[in-house]
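As the structure is a computational prediction, the values presented were derived from the model and not from experiment. The chain is numbered in sequence order, starting from 1. Both backbone and side-chain heavy atoms feed into the values below; hydrogens, waters and symmetry mates do not.
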Amino acid sequence: MKIPCSIVRELLPNYIDDCMEDDAKMLVEEHLKECDACRALYENMKKPLQDEHKDKELDYLKKVKKQNSLKIIIAILITICIFMTGILTKIWLIGSYTNEVEDTIMKVTNTEVEIGLTGTNRNFAIIGYTLDDRWKFYQEILYQEVMPSIFHSYGVSNIKIPLKDIEHYLKVGDQVITKDGKIYNAMSALLIEKRIPYVGDVSGVYELLKLADIKVETLSLKTDQEPYAINLIYQKPLSRLEKEKIENNAKGVLASIDSCNIINLYVGDELISHIVYKEKIKDIDQMQKLLLE
């Protein structure tokens, strides 16, 4: 059934909007196949709608893109804020632990030891401490330091450590304190703790010399026959004070080695000192007395 062009043109808006019954839609489609004029009109009427749909799609995509960009910016800002909050919390509230603080034992009571932090030039606020147990024979104080802020002002104050927290020795500067409150020279305590039975223990001898604050340039051990000896060889002449210090502290080293009584000091091939000490000391009070002679 053919329908006039005038009727088809009246129906085209409804056809484009898909608001027609199927039978009427089929009649319009058959007419458009045969009528070039109506088909051209249909194409012209449809194009603005397609452009309008495209514009709406573009506007929607732009809106989505803008929203996504805003979300990304907000996410980045939140991440930066969290990161900066973490850094500032670390710097101002948590800080870090260090042993690079000048400390000394100020006072000891029956229950605690007071540590003085005077003399430090570090531009930090000390807000706490922990006891470092990684050393075999003693503990060391690690101080918690933070940057000065409204939360913690710059300043150095004394701290108090309960004696019950000390396992064996607590090292403070060049001293150690025991859990019962006795104070000793750190060298005396550590020489007792690190004593060795045999002079052939090269690493043990090196460690004892280091604890005794004796600088080693060249070390030679005489272990093939008795009397066993430790030979310290220096390339440059020693000052009088350096020589006296080595001679005094060397007694502590010899007192900590069961099988050796002799330490020889050489400058080049020249023997400048022959140190002999035969007593073997296992008591910290005796060792401290020896080193203070």
Below 4.5 Å, heavy atoms only, C-beta onward: do [X] and [Y] meet side chain to side chain?
{"X": "Asn99", "Y": "Ile141", "result": "no"}
{"X": "Cys5", "Y": "Cys35", "result": "yes"}
{"X": "Glu167", "Y": "Asp133", "result": "yes"}
{"X": "Ile246", "Y": "Leu238", "result": "yes"}
{"X": "Asn264", "Y": "Ile275", "result": "no"}
{"X": "Asp283", "Y": "Ile192", "result": "no"}
{"X": "Leu232", "Y": "Leu209", "result": "yes"}
{"X": "Leu131", "Y": "Glu140", "result": "no"}

#### Entry: Counterpart residues, salt bridge (Lys or Arg N to Asp or Glu O under 4.0 Å), relative to Lys90 (two or more places apart)
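Counting only residues at least two positions away or on another chain, Lys90 forms no salt bridge (Lys or Arg N to Asp or Glu O under 4.0 Å).
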Under the side chain to side chain contact (heavy atoms under 4.5 Å, CB included) test, residues paired with [X] that sit two or more places apart:
{"X": "Lys278", "result": "Asn261, Val276"}
{"X": "Ile73", "result": "Leu77"}
{"X": "Gln288", "result": "Tyr184, Asn185, Ser188, Leu292"}
{"X": "Gln235", "result": "Glu217, Thr218, Ile233"}

Donor-acceptor pair between [X] and [Y] side chains, under 3.5 angstrom:
{"X": "Tyr277", "Y": "Glu279", "value": "yes"}
{"X": "Asp201", "Y": "Ser203", "value": "yes"}
{"X": "His168", "Y": "Glu193", "value": "yes"}
{"X": "Tyr143", "Y": "Asp103", "value": "yes"}

Linking directly or through intermediates, with side-chain heavy atoms under 4.5 Å: list the remaining ILVMFWY members grouped with Val146, chain and number order.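 Val146 clusters with Ile127.
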Can you name the closest pair of heavy atoms from [X] and [Y] and give their distance?
{"X": "Leu291", "Y": "Asn248", "value": "O-ND2, 2.9 Å"}
{"X": "Gly181", "Y": "Val108", "value": "O-CG1, 3.6 Å"}
{"X": "Gly116", "Y": "Met106", "value": "N-CG, 3.1 Å"}
{"X": "Val253", "Y": "Ala212", "value": "CG2-CB, 3.6 Å"}
{"X": "Ile166", "Y": "Thr178", "value": "CD1-O, 4.0 Å"}
{"X": "Cys38", "Y": "His31", "value": "SG-NE2, 3.2 Å"}

Would you say [X]'s side chain and [Y]'s backbone share a donor-acceptor pair under 3.5 angstrom?
{"X": "Lys222", "Y": "Gln225", "value": "yes"}
{"X": "Lys179", "Y": "Asp165", "value": "no"}
{"X": "Ser256", "Y": "Leu191", "value": "yes"}
{"X": "Lys280", "Y": "Ile257", "value": "yes"}
{"X": "Tyr234", "Y": "Val216", "value": "no"}
{"X": "Glu114", "Y": "Ile159", "value": "no"}
{"X": "Glu145", "Y": "Gly95", "value": "no"}
{"X": "Arg195", "Y": "Ile281", "value": "yes"}
{"X": "Glu43", "Y": "Ala40", "value": "no"}
{"X": "Lys171", "Y": "Gly173", "value": "yes"}

Between Thr104 and Ile115, does a side chain to side chain contact (heavy atoms under 4.5 Å, CB included) hold up when you go through it step by step?
CA-CA 6 Å; Thr104 186; Ile115 309 296; over 6 Å; no
Query raised in the report: Quick one: CD1 on Ile230 to CD1 on Ile262, what's the gap to the nearest 0.5 Å?
Result: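 Answer rounded to 0.5 Å: 10.0 Å.
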Same apolar cluster: [X] and [Y], side chain cutoff 4.5 Å:
{"X": "Ile91", "Y": "Tyr97", "result": "no"}
{"X": "Leu142", "Y": "Ile161", "result": "no"}
{"X": "Tyr266", "Y": "Val199", "result": "no"}
{"X": "Tyr228", "Y": "Tyr206", "result": "yes"}
{"X": "Ile263", "Y": "Tyr198", "result": "yes"}

Q.
Strictly below 4.0 Å, N to O, side chains only: are Glu244 and Arg240 in salt-bridge contact?
A.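 Salt bridge flag = yes for Arg240 with Glu244.
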Exercise for review: Identify whether the distance between the nearest side-chain nitrogen and carboxylate oxygen of Glu247 and Lys243 falls below 4.0 Å.
Suggested key: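 A salt bridge links Glu247 with Lys243.
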After noting the C-alpha distance and the side-chain angles of Ile196 and Asp258, does the key distance pass the side chain to side chain contact (heavy atoms under 4.5 Å, CB included) rule? CA-CA 7 Å; Ile196 58 176; Asp258 293 338; over 6 Å; no
May I have the step-by-step check of side chain to side chain contact (heavy atoms under 4.5 Å, CB included) for Asp213 and Met187, ending in yes or no? CA-CA 8 Å; Asp213 197 22; Met187 185 187 300; 4.1 Å; yes
